Amino acid sequence: MKKAAKENSMIWNKQAECMPAGERRSLQLARLKAAVKRTCDAVPFYRKRFGDAKIKPDDIKTLDDIRRIPFITKAELREGYPFNMFAVPMEKIVEVHTSSGTTGKPVVTGYTRNDIDLWSEVMARALSMAGATEKSIIQNCYGYGLFTGGLGVHYGAHRIGSTVVPISAGNTKRQIDIMLDFQTTIIACTPSYALYLAEVAEEQGIDLKKLSLKAGCFGAEMWTEQIRTEIEKRFHILALNIYGLTEIIGPGVAHECPEKCGLHIFEDHFYPEIISPETLELLPEGEKGELVLSTLTREGIPMLRFRTRDITALHREPCACGRTLVRMERITGRSDDMLKIRGVLVFPYQIEKALLEMKGIEPHYQIIVTREHHLDEIEVQVEMSKKLFSDEIRKIEELRRKIEKKIEEAIGLRAKVLLVEPKSLPRSEGKAKRVVDKRQL
Ligand code: DLL
């Protein structure tokens, strides 16, 4: 890995990111009180919510009092489609985006000028962690449009003064040409697309070591340490994790610093809690559960206790980078994406982790769940490496059985493993579709 990426990494806003914890809590409380008041005054939904829960904005006297506020879910936000959850008149909204990949109406998020300013700030902090400076050339392969990925990275790059290449998603061959010709130093895309890019570049005979790439900000979907190692090895870069969601702001809620020990949440703007998805009780630091986020400064569509459904844990010990911002573990599942197979809860993440510990296969797989004669079946299709594909059938069969065993150890259920030809599974330019659930539940 090129050392420069880590060395370049600087703290964009030292005052905010390295603030003593106590001072930050005072800031959060002042901002929370103002946010609650503003939101209840402006949004009938919240006013009614507070009324039903028999609380008033003035009852929020400490940060712990946030627990008295009822949660809000994506389904409830959808009911407000398109603009009912906005807290300012439309003439103050300068941009809208929508959530991706769901059936039914999407969630619409609206930004005031100050919200765009906030988004630029948190994204500048994020990109700086990956070493972005005025000198960087950032190839932004996240989709531009209603998806927040493209414009989020764009605004952050502008704030820093880097050169942004707004290439958006798709046209993989051109992405590689541009990367070579423009001497791109930072790439931003989903981790699955990064692997696909590497594959196409290798096919074209391009030596990835010759690229000027130093780092990448990968997110918008779940990925594992093994995928990180794979991306870092193929591109010879520092691969960092970026997290965010439309309902809160888009990308820029949290980002990893080069220490790679969790994603720093920009908690002076986004207040995190971890709850048990079953009991909805707050969980202690370090315990895994569902992330709940509240916006402290957003104007267009403030969010109080939004249930993200993302599973993670928070850690507060100091980070070697000097930031005092809380760190969240990489997301390892979603409380609504958990597959219940023959009564057993399975996270796709567990299967990915088991798979990628094996040699002879590529990091491209799909999990297919079916129900035949009232019995759930899991089939995991995994691509073989080119080398294995040309091997004897006996060797292939041996590996197939090994993988089945490994998955069984990981999830406690038998899954059928099918080793498929290299490059035969669908590739994605955005979020990869890893699970196909064919059961009609
Ligand atoms: O995916 C925003 C984004 C764009 C994040 C670009 C990072 C980079 P949505 O389309 O609303 O927004 O999807 C949000 O994606 O609740 C998570 O389930 C998942 N997700 C986002 N980042 C990560 C990540 C954008 N780093 C949903 N790891 C979230 C795992 C992620 N899952």
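Keep in mind that this is a model prediction, so the values were computed, not measured. Counting starts at 1 for both ligands and their atoms, in listed order.
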Determine whether the side chain, the backbone, both or neither of Arg330 has a heavy atom under 4.0 Å from any heavy atom of ligand 1. neither
Minimum-distance protein heavy atom relative to atom 10 (O) of ligand 1: Ser100 OG, 2.7 Å
Which atoms from ligand 1 have a heavy atom of Gly149 less than 4.0 Å away? 4 (C), 6 (C)
shortest atom 29 (C) of ligand 1-to-protein heavy-atom contact is with Asp310 OD2, 3.2 Å
Looking at ligand 1, does any of its N/O atoms fall within less than 3.5 Å of an N/O of Tyr142? no
For Tyr193, does the six-membered ring have the charged nitrogen or CZ of Arg427 within the cation-pi criterion, i.e. under 6.0 angstrom from the centroid and within 45° of the normal? no
What residue and heavy atom of the protein are closest to atom 11 (O) of ligand 1, and at what distance? Thr246 OG1, 2.5 Å
Shortest protein heavy-atom distance from atom 15 (O) of ligand 1, along with the residue and atom involved: Lys431 NZ, 3.3 Å
Centroid-centroid distance, His364 to Tyr196, less than 6.0 Å: no
Do Ile274 and Val292 have side chains that approach each other closer than 4.5 Å (heavy atoms only, starting at C-beta)? no
Under-4.0 Å salt bridge between Arg78 and Glu247: no
Residues Lys92 and Glu299 bridged, charged N to O under 4.0 Å: no
Sub-3.5 Å N/O-N/O distance, Gly219 and ligand 1: no
Protein contact of atom 19 (C) of ligand 1 - nearest heavy atom, named by residue and atom, plus distance: Ala220 O, 3.8 Å
Protein heavy-atom partner closest to atom 25 (C) of ligand 1 - residue, atom, separation in Å: Gly244 O, 3.6 Å
So, is Asn241 polar-close to ligand 1, with some N/O to N/O distance under 3.5 Å? yes
Just to verify, which of Thr246, Val253, Leu245 counts as forming a side-chain contact (heavy atoms from CB on, under 4.5 Å) with Ile249? Val253
If you have a sec, work out which protein heavy atom is nearest atom 32 (N) of ligand 1 and how many Å separate them, to one decimal? Glu221 C, 3.4 Å
Could you point out which residue of Thr112, Val43, Val108 forms a side-chain contact (heavy atoms from CB on, under 4.5 Å) with Phe86? Val108
For Ile331, the ligand 1 atoms whose distance to one of its heavy atoms is below 4.0 Å: 28 (N), 30 (C)
Test Glu256 against every option in Arg323, Arg228, Arg125 by the salt bridge (charged side-chain N to carboxylate O under 4.0 Å, His left out) rule and name the one that passes. Arg228
Taking only non-hydrogen atoms of Arg334 and a 4.0 Å limit, the atoms of ligand 1 in range are 16 (O), 18 (O)
Could you tell me how the ring of Tyr111 sits relative to the ring of Trp119: parallel (under 30°), tilted (30 to 60°) or perpendicular (over 60°)? parallel
